[in-house]
Amino acid sequence: QTGSANTNPSDSADDEYITSVSIGTPAQVLPLDFDTGSSDLWVFSSETPKSSASGHVTYSPSKSSTAKKLSGSTWSIKYGDKSSSSGDVYTDVVTIGGFSVKTQAVESATKVSTQFVQDTLISGLVGLGFDIGNQVSPRPQKTWFSNAASSLAEPLFTADLRHQETGSYNFGFIDTSLAKGTIGYTPADGSEGYWGFTATGYSVGGAKLNRNSITGIADTGTTLLLLPDNIVDAYYNNVESAEYDDSQEGVVFDCSEDLPSFSFGVGGQTITISGDLLNLTPIEEGSSTCFGGLQSSSDIGTNIFGDVALKAALVVFDLGNERLGWAQK
Ligand SMILES: C[C@H](Cc1ccc(C(C)(C)C)cc1)[C@H](NN)c1nnnn1Cc1ccc2c(c1)OCO2
């Protein structure tokens, strides 16, 4: 068995990717943000305060004949960007890309932080990280993919995120036609709950890859490519107008700049992010100052290969072999 779901950028800056998920009987369809950097499936619901839920599609367990309260269970999550949410737990049927998990823990939000309230484009997250990262207590729950893995043709999924066009999350199979290059595999470290891996080097503007290893996570739930200061500086030294903007909390530059590409080595392959993928967006509507897709990871504590990097590749999240595959797109 397999599953295949389309995913779309939420806005002109590819800030996040939205995938439709069916929950309950009859199906309630919610727009959710798939996040390989976390491990909880949570949704805006009939239990979310009306003032917070306004503008959001919500899940109503009371309207689903297959919903069951997981009595005594609660959850609470604080994300790295300081956003947060918490609530109680139901189990229900959850279908993604035509594949159904009958008894999936669906975490219903009774509290959401302002960042989630304001982003009315999404109704919650689908954690695709490792089960060890799940935040339900007293008994942690499995992710949708973990529940699905044993019934899928292969215990893996792929992410094909695209700039301003429809991409896909495929479950149980690899559509190699989505990539130009060969898939290079490297071991994945799931001990922290994320898809951790080590890149073998990097280069700017098509130069030869150096041999500086970079350990980080493959994170579909983070917009940017977040790397150490020395790499960020090496990149923006090639961008005449680049400067750090305190109010934007990142490097900005003239939108007219012709940005160099950025490449990194992984699994014996070289993934090259084109310059235009590294120019994220004007800092404000109509501004001629643009915000960089590559920013510093120094105040985060881990390097994050977010959507800016993932957009350049077909990425295979291979749970069965505890490895990550990368192919140039
Ligand atoms: C931030 C997302 C999780 C999220 C996604 C979307 C949203 C909104 C819908 C409201 C827009 C909020 C939160 C990320 N997912 N793995 C995450 N969750 N926990 N750590 N990270 C990675 C990290 C950590 C720290 C950082 C960061 C990133 O960006 C800036 O500082």
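Atoms within each ligand, like the ligands themselves, are counted from 1 in listed order. Values reported hereafter were calculated over all heavy atoms of this structure, with side chains retained and with hydrogens, waters and symmetry mates removed.
Side-chain contact check for Q104 and Y90: no donor-acceptor pair (N or O, by modelled atom type) lies under 3.5 Å. For the 3.5 Å distance criterion, the side chains of T198 and T215 qualify, holding a donor opposite an acceptor. S241 and E257 share a donor-acceptor pair across their side chains, judged by distance under 3.5 Å alone.
Considering only non-hydrogen atoms, atom 9 (C) of ligand 1 lies nearest to I122 out of D299, I122, I304. Closest heavy-atom approach to atom 14 (C) of ligand 1 within the set I217, D33, T222: this belongs to T222.
Shortest contact from atom 3 (C) of ligand 1 to any protein heavy atom: Y79 CD2, 3.7 Å. Given atom 31 (O) of ligand 1, the protein heavy atom at minimum distance is I300 CD1, 3.7 Å. Nearest protein neighbour of atom 15 (N) of ligand 1, counting heavy atoms only, is D35 OD2, 2.9 Å. Remark: minimum distance from atom 8 (C) of ligand 1 to any protein heavy atom is reached at F116 CE2, 3.9 Å. What sits closest to atom 20 (N) of ligand 1 on the protein, heavy atoms only, is G80 N, 3.2 Å. Nearest protein neighbour of atom 5 (C) of ligand 1, counting heavy atoms only, is G221 O, 3.6 Å.
Less than 4.0 angstrom separates some heavy atom of S83 from each of these atoms of ligand 1: 12 (C), 13 (C). Within ligand 1, the atoms closer than 4.0 Å to a non-hydrogen atom of E16 are 9 (C), 11 (C), numbered from 1 in the order shown. Of all atoms in ligand 1, listed by their number and element, those nearer than 4.0 Å to a heavy atom of Q115 are 10 (C).
Using the six-membered ring where Trp is involved, Y169 and F157 have ring planes that are tilted, between 30° and 60° apart.
The ring of F99 has its center no closer than 6.0 angstrom to the ring center of F171. F264 and W326 have their aromatic ring centers within a separation under 6.0 angstrom.
Considering backbone and side-chain atoms alike, D219 places an N or O below 3.5 Å from some N or O of ligand 1.
Between the OG atom in S288 and the CG atom in D254 there is a gap of 6.0 Å [rounded to 0.5 Å].
A salt bridge does not link D92 to K68: none of the charged side-chain nitrogens sits closer than 4.0 Å to a carboxylate oxygen.
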